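Working notes for the structure below.
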There are 2 protein chains.
Amino acid sequence: MVSKVNSREKILQTASRLFQLQGYHGTGLNQIIKESGLPKGSLYHHFPNGKEELAIEAVQYTSKFIEENLQKLMNEKEGPVEAIQAFIRDTASQFDNLEDIKGIPVGLLASETALISEPLRNACMQAFKNWQMIIAKKLIQNGYEKEEATKKGLLVNSMIGGGIMHSLTSKDKTPLLVIMEVIPLLIEKKG
Amino acid sequence: MVSKVNSREKILQTASRLFQLQGYHGTGLNQIIKESGLPKGSLYHHFPNGKEELAIEAVQYTSKFIEENLQKLMNEKEGPVEAIQAFIRDTASQFDNLEDIKGIPVGLLASETALISEPLRNACMQAFKNWQMIIAKKLIQNGYEKEEATKKGLLVNSMIGGGIMHSLTSKDKTPLLVIMEVIPLLIEKKG
DNA sequence: GTCTATAGGCAGATAGAC
DNA sequence: GTCTATCTGCCTATAGAC
């Protein structure tokens, strides 16, 4: 049936947005069903293990969205520096109006749940690793050794996460833009 | 009375630790009073406006602790690079055993409450600004222009916040240590 | 100022009709 | 598969005895 996949997708979409902005504990199932327009029974039909299962799938949903964007930029841009800077610029532009946020990395949820739910922590960690690998792969294609590329991928990932946190707190994209500026200092040209 | 200031201090200390680790929504007043060993009436006596007021003071409590540590390192070390690296090393070492955490910057709480409480957001922002200024001041003493020093202070702040987030999620201090490694690339010697 | 008991509301989760 | 009504428990907050 069509309505089945649509309702599941609708819940995931709504949950992903709310979890990104409000975090795990700050987002209630009642808010998710209210905003998605679906009844609670539908949520528990699609996610029988409740909130934790929904959050894990929401993290993966967000992660996939970001992976696609990131990979697209890696393909479009010639060098890794330009690609990473473009990704940060895109992320920063979302802070112009936070209401219709599309996809920001899952740092808030990750920090919140790292100590209380191993499955959720693993989902967040996997998301981080995927982004890291996309960056590292591009660096390797541009002459980096594998080990150094992996490390730089981790570094860029952490920096973007911190920039988002500061931009969110100050309601100002400057922190992210300052990070964007220094990327060339960290990712030097090779080969 | 002595017990008065002690009970207030005890609540703040417990609340600060729990808010840092579990966030705002993840930490209940019941847990705070249980761990601090004080009755709920005492909490509301010292913080009549409830949880939000307590969280604001807890942020300031944590912030002050970090300010003192950071300033101490700035005084001890000759150059800003060494001082910043020492601070990151100290922060990273707390991830060896998270149970008795002393002070990690307030990123989790900041992200969670940025969109729901202006007073709390302002408290977090003020904390960030104080740390930024301590770093900037040291940079100015070492030959930096004021504007550039302020920008680097913001950068270092964001990076540390992101490193903490990643270290927390991966339960591994490597992300923070990678950030520590690249500080010399970002803070070059002047004068 | 200290402490207990409890109010009032919302959370996550479930039962069961359709 | 869809939807509503409801349970249980925890949350913040308060009243009021001592």
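Model, not experiment: these values are computed from the prediction. Chain identifiers are assigned alphabetically (A, B, ...) following the order of the sequence lines, protein sequences preceding nucleic acid strands; residue numbering begins at 1 within each chain.
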- [ ] Could you check how far CG of L43(B) sits from C1' of dG1(C), rounded to whole Å?
- [x] 14 Å

- [ ] Could you go through the side-chain contact (heavy atoms from CB on, under 4.5 Å) check for R121(B) and K171(A) one step at a time?
- [x] CA-CA 10 Å; R121(B) 186 179 77 85; K171(A) 289 189 176 174; 3.7 Å; yes

Open item on the list: For the residue pair K152(A) and Y144(A), would you count it as a cation-pi contact if the rule is NZ or CZ under 6.0 angstrom from the ring centre and within 45 degrees of the ring axis?
Closed with: no

Task: Euclidean distance, atom CD1 of residue I11(A) to atom C1' of dG1(D) [Å, nearest integer] - done: 12 Å

TODO: Rounded off to whole Å, could you give me the CD-to-P distance for the E53(B) and dA13(D) pair?
DONE: 10 Å

Open item on the list: Output the rounded distance in Å from CD1 (I33(A)) to P (dC10(C)).
Closed with: 14 Å

- [ ] Measure the CG-CD distance between L109(A) and E112(B) for me, rounded to the nearest 0.5 Å.
- [x] 10.0 Å

Task: Pair Q20(B), T62(B): side-chain N/O donor-acceptor within cut-off below 3.5 Å - done: yes

Task: Nucleic acid footprint by protein, nucleotides 12-18 of chain C - heavy-atom cut-off 4.0 Å, B for base, S for sugar-phosphate alone - done: BBB----

TODO: Could you tell me whether E57(A) and R8(A) make a salt bridge, using a distance below 4.0 angstrom between a side-chain N and a carboxylate O?
DONE: yes

Task: Rounded distance (Å) that lies between atom C1' of dT4(D) and atom CG of L38(A) - done: 14 Å

- [ ] Please step through side chain to side chain donor-acceptor pair (under 3.5 Å) for the pair N130(A) and Q126(A), ending with a clear verdict.
- [x] CA-CA 6 Å; N130(A) 291 346; Q126(A) 189 59 55; 3.1 Å; yes

